[in-house]
2 protein chains.
Amino acid sequence: MYKALLDHIEKFITLEPSEIDKLESCLELSTIKKKEHVLKEGQVCNIMYFVVKGCMRQYIINHKGTEQTLQFGIENWWITDYLSYHNHIPSSFYLQAVENSEVIALDKTVLESLLIEIPNLERYFRIVTQKSFGAMQMRIKFLFTMSAEERYHHFNDNFPEFVQRVPQYMLASYLDFSAEFMSKIRAGKV
Amino acid sequence: MYKALLDHIEKFITLEPSEIDKLESCLELSTIKKKEHVLKEGQVCNIMYFVVKGCMRQYIINHKGTEQTLQFGIENWWITDYLSYHNHIPSSFYLQAVENSEVIALDKTVLESLLIEIPNLERYFRIVTQKSFGAMQMRIKFLFTMSAEERYHHFNDNFPEFVQRVPQYMLASYLDFSAEFMSKIRAGKV
DNA sequence: TGAATTTCTTGAAGTAGTTCAAGTTTTTAA
DNA sequence: TTAAAAACTTGAACTACTTCAAGAAATTCA
């Protein structure tokens, strides 16, 4: 169902029926199995992913060999490596499905031609990216000002349903502390 | 001089002469004195700032009363609180000049009407924001994977001239460690 | 269903940083 | 051109977290 994306777009802009047809003709839904990768470190990222259903994540493997999740993407979020995408350089990241997911994968070539045919879409992506950037600014603020325990409680208070969906060790690394410390926070042993 | 902004825009898109005129007629250069604020915590941010000359920063005051710099904006960067800007909510941040600076302050109302008259500008802001988002993704990666000392050296290697321009304590907080620890790193006492 | 795999827990020992306080150096501005 | 303010340095004591290792619980899938 492309409806999820069309609904999301129409929260920000209005499309002509002909534009909707054009857009729909370019979209393709893909199914990504849990743990499957859509991007690995070293590959150039030419695709933007819109999550229709499920959950994706961006992560790296650090020098100790441990995975660290930098970003989650759930329903109605776009996820990609923007630096690799724009500069045609090898990515530093992995993009992987955390749950069985349905995504709309928009190839750069396809997207570029869509943006030319439907200039109004530029506006949609401009607004959505600026909002994501704002969210990222807040994230840095939280990382800088809160203790590990505060970050856990804050996240848990704001996204209680999401906390149930992902393994604790992934969330721990996203909040920038160890899986073991997460266990202790949850057990009240800190 | 608006030339700095026009040059920057024309790196990404091409404007008609009439569009350039229109754009120029809406721009105004302002001078911000070192340490002057253009936004304080609690105010709604309705303006985007393009740095023509000088250096601006976004910071917060943490629970200990210490300033923590979250972002710098130098020549050819846009700086604003995107969340406050888009959602009309009070900002969590301060925006301040680090050096005497010249900025183009683009009011939301003015920008909105410009974007309608020059739809191509949407493309410019879309690309610029996506690239900034990419830079932010890398920043999180560095914060997550490098030690304080590594972050300092990495920044110093990549932006040696910038390191000279700002007080060390601001850079220390931007790299997420204390001013005292920065001193010790520089003295080789770690 | 049950064996394999993945995820979570626990405690003990270690460490990369912070905090504090005081002194020194550099910059600013009258 | 000097007094005040801002920025930087230093060492000692502390602490919020990590690391390691091993076992327990939960989940997956053949």
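Being a predicted model, the structure only gives us computed values, none of them experimental. Chain A is the first sequence line, chain B the second, and so forth, proteins listed ahead of strands; every chain is numbered from 1.
Residue pairs meeting the ring pair (Phe, Tyr, Trp, His ring centres under 6.0 Å) criterion with at least one member in residues 13-48 of chain A, sequence neighbours excluded: A/His37-A/Tyr59, A/His37-A/Tyr94. The salt bridge (Lys or Arg N to Asp or Glu O under 4.0 Å) pairs that include a residue from residues 43-57 of chain B are B/Arg57-B/Glu67, where partners are two or more places apart or lie in different chains.
Axis angle across the helix from C/dT1-D/dA30 to C/dA30-D/dT1, with five pairs used at each end and values rounded to 10°: 70°.
Taken residue by residue, residues 140-149 of chain B places heavy atoms nearer than 4.0 Å to DNA chain C at B/Ser147, B/Ala148.
Contact footprint of chain A on DNA chain D: nucleotides with an atom under 4.0 Å from a non-hydrogen protein atom, first to last in 5' to 3' order, D/dC17 to D/dT28.
The aromatic ring centres of B/Phe125 and B/Trp78 sit less than 6.0 Å apart.
Separating the CZ atom of B/Arg151 from the C1' atom of C/dA16 is a distance of 10 Å, rounded to the nearest angstrom. Per the geometry, OH belonging to B/Tyr152 stands 18 Å off C1' belonging to C/dA16, to the nearest Å. Here C/dT28 presents its C1' atom at 12 Å from CG of B/Asn100, a figure rounded to the nearest Å.
For the pair A/Lys131 and B/Leu83, the minimum side-chain heavy-atom distance is 4.5 Å or more. A heavy-atom distance below 4.5 Å is not found between the side chains of A/Glu122 and B/Pro119. Between A/Tyr85 and A/Asp81, the closest side-chain pair of non-hydrogen atoms is not below 4.5 Å.
The pair A/Arg123-B/Glu112 meets the salt-bridge criterion, since a charged nitrogen lies less than 4.0 angstrom from a carboxylate oxygen.
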What donor-acceptor contacts under 3.5 angstrom involve side-chain atoms of residues 159-172 of chain A, with partners at least two apart or in another chain?
| unit_1 | atom_1 | unit_2 | atom_2 | d |
| --- | --- | --- | --- | --- |
| A/Arg165 | NE | A/Glu99 | OE2 | 2.9 |
| A/Arg165 | NH1 | A/Glu75 | OE1 | 3.2 |
| A/Arg165 | NH2 | A/Gly54 | O | 2.9 |
| A/Arg165 | NH2 | A/Glu75 | OE1 | 3.4 |
| A/Arg165 | NH2 | A/Glu75 | OE2 | 3.3 |
| A/Arg165 | NH2 | A/Glu99 | OE1 | 2.9 |
| A/Gln168 | OE1 | A/Arg186 | NE | 3.2 |

Less than 3.5 Å apart, which donor and acceptor atoms pair up between the side chains of residues 18-26 of chain B and the rest of the protein, not counting sequence neighbours?
| unit_1 | atom_1 | unit_2 | atom_2 | d |
| --- | --- | --- | --- | --- |
| B/Glu19 | OE1 | B/Glu16 | N | 2.9 |
| B/Lys22 | NZ | B/Glu117 | OE2 | 3.0 |
| B/Ser25 | OG | B/Lys22 | O | 2.6 |

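Here A/His154 pairs with A/Phe142 under the ring-ring contact (aromatic ring centres under 6.0 Å, His included) rule; sequence neighbours left out. Residues meeting the ring-ring contact (aromatic ring centres under 6.0 Å, His included) test with B/Phe93, sequence neighbours left out: none.
Here B/Val44 sits alone; no ILVMFWY side chain lies under 4.5 Å from its own, so it joins no hydrophobic cluster. Counting side-chain heavy-atom gaps under 4.5 Å among Ile, Leu, Val, Met, Phe, Trp and Tyr, the cluster of B/Ile32 also holds B/Val38, B/Leu39, B/Ile47, B/Tyr49, B/Val51, B/Met56, B/Ile79, B/Leu95, B/Val103.
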Could you list, one pair per line, each protein nitrogen or oxygen that sits under 3.5 Å from a nitrogen or oxygen of nucleotides 8-15 of chain C, together with the distance?
| unit_1 | atom_1 | unit_2 | atom_2 | d |
| --- | --- | --- | --- | --- |
| C/dC8 | OP1 | A/Gln168 | N | 2.9 |
| C/dC8 | OP2 | A/Gln168 | N | 3.0 |
| C/dC8 | OP2 | A/Tyr169 | N | 3.1 |
| C/dT9 | OP2 | A/Gln168 | OE1 | 3.0 |
| C/dT9 | OP2 | A/Ser183 | OG | 2.5 |
| C/dT9 | O5' | A/Ser183 | OG | 3.1 |
| C/dT10 | OP1 | A/Lys189 | NZ | 3.4 |
| C/dT10 | OP2 | A/Lys189 | NZ | 3.3 |
| C/dT10 | O5' | A/Lys189 | NZ | 2.8 |
| C/dG11 | N7 | A/Lys184 | NZ | 3.2 |
| C/dG11 | O6 | A/Lys184 | NZ | 3.3 |
| C/dA12 | N6 | A/Lys184 | NZ | 3.3 |

